[in-house]
Each structure stands twice: as structure tokens, then as C-alpha cells.
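Just so you know, ligand 1 is whichever comes first in the structure, and atom 1 is the first atom listed for that ligand.
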Amino acid sequence: MNPIDLRSDTLTRPTPAMRRAMAEAEVGDDVYGEDPTVNRLQELAAEVLGFERALFLPTGTMANQVALLLHLRRGSEVLVPEGAHLYEYELGAPALLSGALVRPVPAPRGVPDLKALKNAIHLGPFQAPTGLLALENTHNLAGGTVVPLEVQEAFLALAQAHALPTHLDGARLHNAAAYLGVEPARLARGFTTAMVSLSKGLGAPVGSLLLLPKALEAEARRYRKLLGGGWRQAGVLAAAGLIALTEGPKLLKRDHEMARALAQGLHRLGLEVDLEAVQTNMVYIQVEDPQGFLEHLEAHGVLAGAVGGRVRFVTHRDLKDEDIPEALTRIEAALQRAA
Ligand code: TLP
């Protein structure tokens, strides 16, 4: 029995078209800025996402950390929505690399509580100075939830009122845009920097983009190199990235429909799902013993992940139409065995 893999949208394999483009990619040394395919990807990304420049990096983690290095100094702090990836899942990198504090602020269902955020900004002489406000859209740990446009506007206005830069962790920005029915540029606009992943729902094998103003580009390239991200003939990867960026967004609606069907099915099976939080391609369920539950599912041919003390299912482009109904049948069988 082939397992149905719902652990993450990072697991997708490059499509035949991506593999062809990778094999045929024109390349050069990207550390010299001479890889034509990387340059094409960066130019296209900057244009479609509404920034002056884009930088192609190996991972979202590296892109987020380069952004923090650009914005923060030692002993300063970044305010993030609670559960933010760069606080929970980046291995304490801000402490190690930027020497900065990360302070989570209440954000029910991933939407920052703006009053709490405003009160959390440190300006006085007795506290770590706030140097950056960050947002995550979609918000992974909150369930792949989307930040409403008006909250984002108010968030940006708050940052502006305090002359603070902003960073958007948009690992799944295109999912948020698909949910809201707006262009991704609409959701990235106004941030000082933004990270967008090509290797998640968009389907590239590797790579994320850091969108930024021209004035920060040279410094960002320097930090990328310092962190080991000077990656020479990266055009072989950018070639797949170009297809992900242009073709990938078209498939996200299907991913979201599959997640909704899965959530409703799990709910019908009596599992604890927050249906309102199921907005994009993720479904989280609350169970007594997540690890034991996962092992049980695996024995029945369904792979899911333990994330934030819950069980997470993520839909993605490599799933076949019949996979969600089949996964539900297998999960039902697993539950009957457990009962
Ligand atoms: N998230 C991964 C795991 O690390 C949890 C996943 O499977 O969802 N920002 C957000 C919001 C993310 O969800 C992730 C990856 C990243 C940044 C980091 O991207 P990578 O994995 O490319 O370093």
C-alpha cells in the first residue's frame, strides 16, 4: 500500500517540465551575479511581487534570518505573532546570528492583536529596543490561516507611525492570496522585506525569495554568502523556481479544496478540528497523544506530522484526486482499530 503523504507541501517532487527546464538551464556563477536564470527569476519575482529587488536563497529559514540581520542589531528585538515560524522553528537562529530577542505577541488564529502589538513596542530607555515588526501570512502554526487585508493595513500603519521596518514571512503568501482572491503583490506591498517560498505549495524542489529595496541588496547578498548561501550555478534550481512562480499559483485552489474536504471528513469522524481555521492547505487536529496517533496512522498508510503539540495534515499538488477520500477511509479504519 502506497502511503498518502500529508506531512508537508515541502515534499512535492519537481514536475517533468521542471526537470526539463533544470537540465536545459543556462547557468553562470551567481556569486558574481552572472547566472542568467537566477537573474531572470529575481527580476520576475521583484516585478510580480512589487519590490525593487529579489534575492534567490536556498531556504525560507535563510531568507528570514538574512532579513533579521538586515533589520536588527544586537540586543534589539523583533515582535512576531505568537507561534511564528521564526520564533518556534528556526532553531534559535535570531539569538545566534543577529543577537536579537524575538518576542511573541498575542495573535488568535494567526491574526495579530494590534492593541497588544502597539503596547508591546518598546521605545523607552529601560527595555530592549523594538527594531522590527514581523507578520506571517499564511500563519503555519495557527492552521494555515490568512491575515485579513484591513488588519494588514493597520499593522503597516502602526509600524509606520513608530518608524519601524516590517518583515513578512510569506512562505505561503500565494496561498493567502488565493484565499483572498487578490494578487500576491497586494499582500506583500508596504513591507520593508518579504520572504516567499517556491518550495512549498508552488512546487519547486528548492528555494525561497527575499524581496527587498535596492538599498539593502548588497548587504543582503553579503549575509547570504556569510551564511553559506553563495551557491554558484544555481540556475539549475532557479529554472524550476521560474515554473513554480508562474504556474504554481494556479494549483493552490485545488489544494485548498482538498484541505476543506479532509477537514470536513475528519470532523465527521469525530476528530477535533477547528473548521474556521481551515482556510488554505492545512488541517490541524487535537488528539491526546499526537506521536502515538501518527504511528497508528502510518501503519494504516497515512503520513501526517506532529506540529505544535497537534497533528498536522497538509495538502499539495502531488496528491491525486482520490487521495483525500482514500486517506479518510484509512483514517477511519485506524480509528476503529484504536477504539
Ligand atoms: N515550515 C516547515 C517546517 O519547518 C514546519 C513546514 O513543513 O511547514 N516560514 C514558514 C511559515 C514555514 O512554514 C517554513 C517551513 C519556513 C518559514 C522555513 O522554510 P524552509 O523550510 O525553506 O527553511
Start with the C-alpha distance between Asn64 and His167, add both sets of side-chain angles, then the distance that settles side chain to side chain donor-acceptor pair (under 3.5 Å), and finish with yes or no. CA-CA 8 Å; Asn64 276 341; His167 175 67; 2.9 Å; yes

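Judged by distance alone, with hydrogens and angles left aside, the side-chain atoms of Arg232 form no donor-acceptor pair with the main-chain N or O of Asp29 at under 3.5 Å.
When non-hydrogen atoms are compared, ligand 1 lies under 4.0 Å from the side chain of Asn140 (C-beta onward) but not from its backbone. Under 4.0 angstrom from ligand 1, there are no non-hydrogen atoms of Arg7. Residue contacts with ligand 1, taken as heavy atom pairs separated by less than 4.0 Å, involve Arg312 solely via side-chain atoms from C-beta onward.
The nearest protein atom to atom 22 (O) of ligand 1, hydrogens excluded, is given as Gly60 N, 2.8 Å; this is a heavy-atom distance. With hydrogens left out, the protein atom closest to atom 4 (O) of ligand 1 is His85 NE2, 2.9 Å, a heavy atom. When only non-hydrogen protein atoms are considered, atom 21 (O) of ligand 1 lies nearest to Lys200 NZ, 3.9 Å. From the protein, the heavy atom lying nearest to atom 9 (N) of ligand 1 is Asp169 OD2, 2.7 Å. Shortest contact from atom 11 (C) of ligand 1 to any protein heavy atom: Glu136 OE2, 3.3 Å. Looking only at heavy atoms of the protein, atom 23 (O) of ligand 1 is closest to Thr61 OG1, 2.6 Å.
Annotation for ligand 1: atoms under 4.0 Å from non-hydrogen atoms of Met195 are 9 (N), 17 (C). Ligand-side atoms of ligand 1 in range of Thr59: 22 (O), 23 (O), range being under 4.0 angstrom from any heavy atom. Atoms of ligand 1 lying under 4.0 Å from at least one heavy atom of Ala171, given by number and element, are 9 (N), 10 (C), 11 (C), 12 (C).
Here's the thing with Ser208: none of its N/O atoms is less than 3.5 angstrom from an N/O atom of ligand 1. Considering both main-chain and side-chain atoms, Ser197 never comes within under 3.5 Å of ligand 1 through any nitrogen or oxygen pair. For ligand 1, the polar-atom distance check against Ser8 finds a nitrogen or oxygen pair separated by under 3.5 Å.
No more than 12 heavy atoms of other residues, nucleotides or ligands lie within 6.0 Å of NE2 in His267, so this atom counts as exposed by the packing criterion. Around atom CD of Gln160, no more than 12 heavy atoms belonging to other residues, nucleotides or ligands sit under 6.0 Å away. Taking a 6.0 Å sphere around CG of Leu123, one finds it holds more than 12 heavy atoms contributed by other residues, nucleotides or ligands. More than 12 heavy atoms of other residues, nucleotides or ligands shown are found within 6.0 angstrom of CZ on Phe293.
Of the candidates Glu90, Arg172, Met282, the one placing a heavy atom closest to atom 13 (O) of ligand 1 is Arg172.
Transitive grouping of hydrophobic side chains (ILVMFWY, heavy atoms separated by less than 4.5 Å) keeps Tyr223 and Trp231 in distinct clusters. Both Phe51 and Val38 are assigned to one and the same hydrophobic cluster, defined by single-linkage of ILVMFWY side chains at heavy-atom distances under 4.5 Å.
When the options Asp255, Val278, Thr280 are evaluated for a side-chain contact (heavy atoms from CB on, under 4.5 Å) with Arg260, the one that passes is Val278.
By the 4.0 Å N-to-carboxylate-O rule, Lys253 lies close enough to Glu257 to be salt-bridged with it. Salt bridge Lys115/Asp113: absent, no basic N to carboxylate O contact under 4.0 Å.
Within the structure, the closest approach of Met62 to ligand 1 does not fall below 4.0 Å when heavy atoms are considered.
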